[in-house]
Amino acid sequence: MIYIGVTGWGDHDSLYPDQTPPRDKLKEYAGHFPTVEVDAAFYAIQPKRNAAKWVNDTPASFQFIVKAYQGMTGHQRGDIPFATNKEMFQAFKESLEPYIEENKLAMVLFQFPPWLDCKRENVEYLRWCKAQMGDIPCALEFRHQSWFTPRFRQHTLDFMKEEKWIHSICDEPQSGEGSIPAIVEAIDPENLLIRFHGRNVHGWQKRNAEDWREVRYLYRYNQQELQEWADIIRRLSKESQNVYVLFNNNSGGDAADNAKEMITLLDLKYEDLAPRQLDLF
């Protein structure tokens, strides 16, 4: 099955009737898409009551992709509010229990920062992370180009397969070592993740600018670009049972619209979405 959604559910204004309160947005979102990325989990390990509410706000077949906490991936600068890494991982795993109990956890996404390059100590940390997560399905996304240079590309793919990581394929700007190419290969026969970050090269490079987060994902995919990826997604869906596609290009509010266009291009019909208050499409 091909699941299409976006990252987060709070900022996609085109999905919601006017004056939809934040607490009701996920219910409305679930009338449009069958999956979502929980990006709030990256900034803080969420209390189980939050996950329980989100699980209850969505249909039985809805699937969550929960982003790993920034302390687990090395993004966190400064003090981490846990005594040890093991304690941090344990707290994160406990926060996943409501999703797991209702069979709504598609995977956890470990997105590593641009400074995590391909070297032995980082490979060992990836192996340690995967061991800590046990049987919980986990996707791996790099941001440093070294993992997919000609020298290391096949080694990286073999490592991911051996360690049972789900491959997170990225469409993103190509702007040096802080970006990775789209490596269009399925590693796991059950699950595959594809994330669309846009192709705004200029915005991607402006990491130290004041408006960096506002422009980094400022991009709207055109019909030809989406069609090219639709063909790729169809092929990959024959190699992995479940393909999850997330649009993250929302600096300008384009993610939801592009996700809708991809659903149309792939001629997908989701029969068990939540009822909508108002069909805006």
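Any value given below was found using the heavy atoms of this structure, including those in side chains, with hydrogens, waters and symmetry copies removed.
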Can you check whether Phe112 reaches Glu141 side chain to side chain, under 4.5 Å on heavy atoms? no
A side-chain contact here means heavy atoms from C-beta on lying under 4.5 Å apart; do Trp165 and Phe159 qualify? yes
Looking at Arg127 and Glu124, is any side-chain nitrogen of the basic one under 4.0 Å from a carboxylate oxygen of the acidic one? yes
Could you tell me whether the side chain of Pro98 reaches within less than 4.5 Å of the side chain of Lys48, counting heavy atoms only? yes
Please examine the side chains of Glu225 and Arg199, heavy atoms only from C-beta on, and report whether any two atoms are closer than 4.5 Å. yes
Do you know the tightest heavy-atom contact between Ala259 and Val6? CB-CG1, 4.0 Å
When you check the side-chain N and O atoms of Gln227 and Gln223, is any donor under 3.5 Å from an acceptor? no
Does the cation-pi check pass for Lys67 over Phe42, that is, NZ or CZ under 6.0 Å from the six-membered ring centre and within 45° of its axis? yes
Minimum side-chain heavy-atom gap His167-Leu157 below 4.5 Å: yes
With no hydrogens and no angle check, do the side chains of Asp57 and Tyr29 hold a donor and an acceptor under 3.5 Å apart? no
Do Trp54 and Tyr99 have side chains that approach each other closer than 4.5 Å (heavy atoms only, starting at C-beta)? yes
What do the steps show when you test Arg220 against Asp257 for salt bridge (charged side-chain N to carboxylate O under 4.0 Å, His left out), and what is the final call? CA-CA 9 Å; Arg220 188 179 186 92; Asp257 291 348; 3.4 Å; yes
Derivation and outcome, salt bridge (charged side-chain N to carboxylate O under 4.0 Å, His left out), residues Arg235 and Asp231: CA-CA 6 Å; Arg235 175 170 65 80; Asp231 295 338; over 6 Å; no
Of all heavy-atom pairs between Phe196 and Val245, which one has the smallest distance, and what is that distance? CE1-CG1, 3.4 Å
Are any non-hydrogen side-chain atoms of Phe247 and Met262 less than 4.5 angstrom apart? yes
Return the minimal non-hydrogen interatomic distance between Asp272 and Pro59, and the atom names on each side. O-CB, 3.4 Å
The single option from Asp117, Asn122, Leu116 that satisfies side-chain contact (heavy atoms from CB on, under 4.5 Å) with His144 is Asp117
Is the shortest side-chain heavy-atom distance between Val108 and Phe64 below 4.5 Å? no
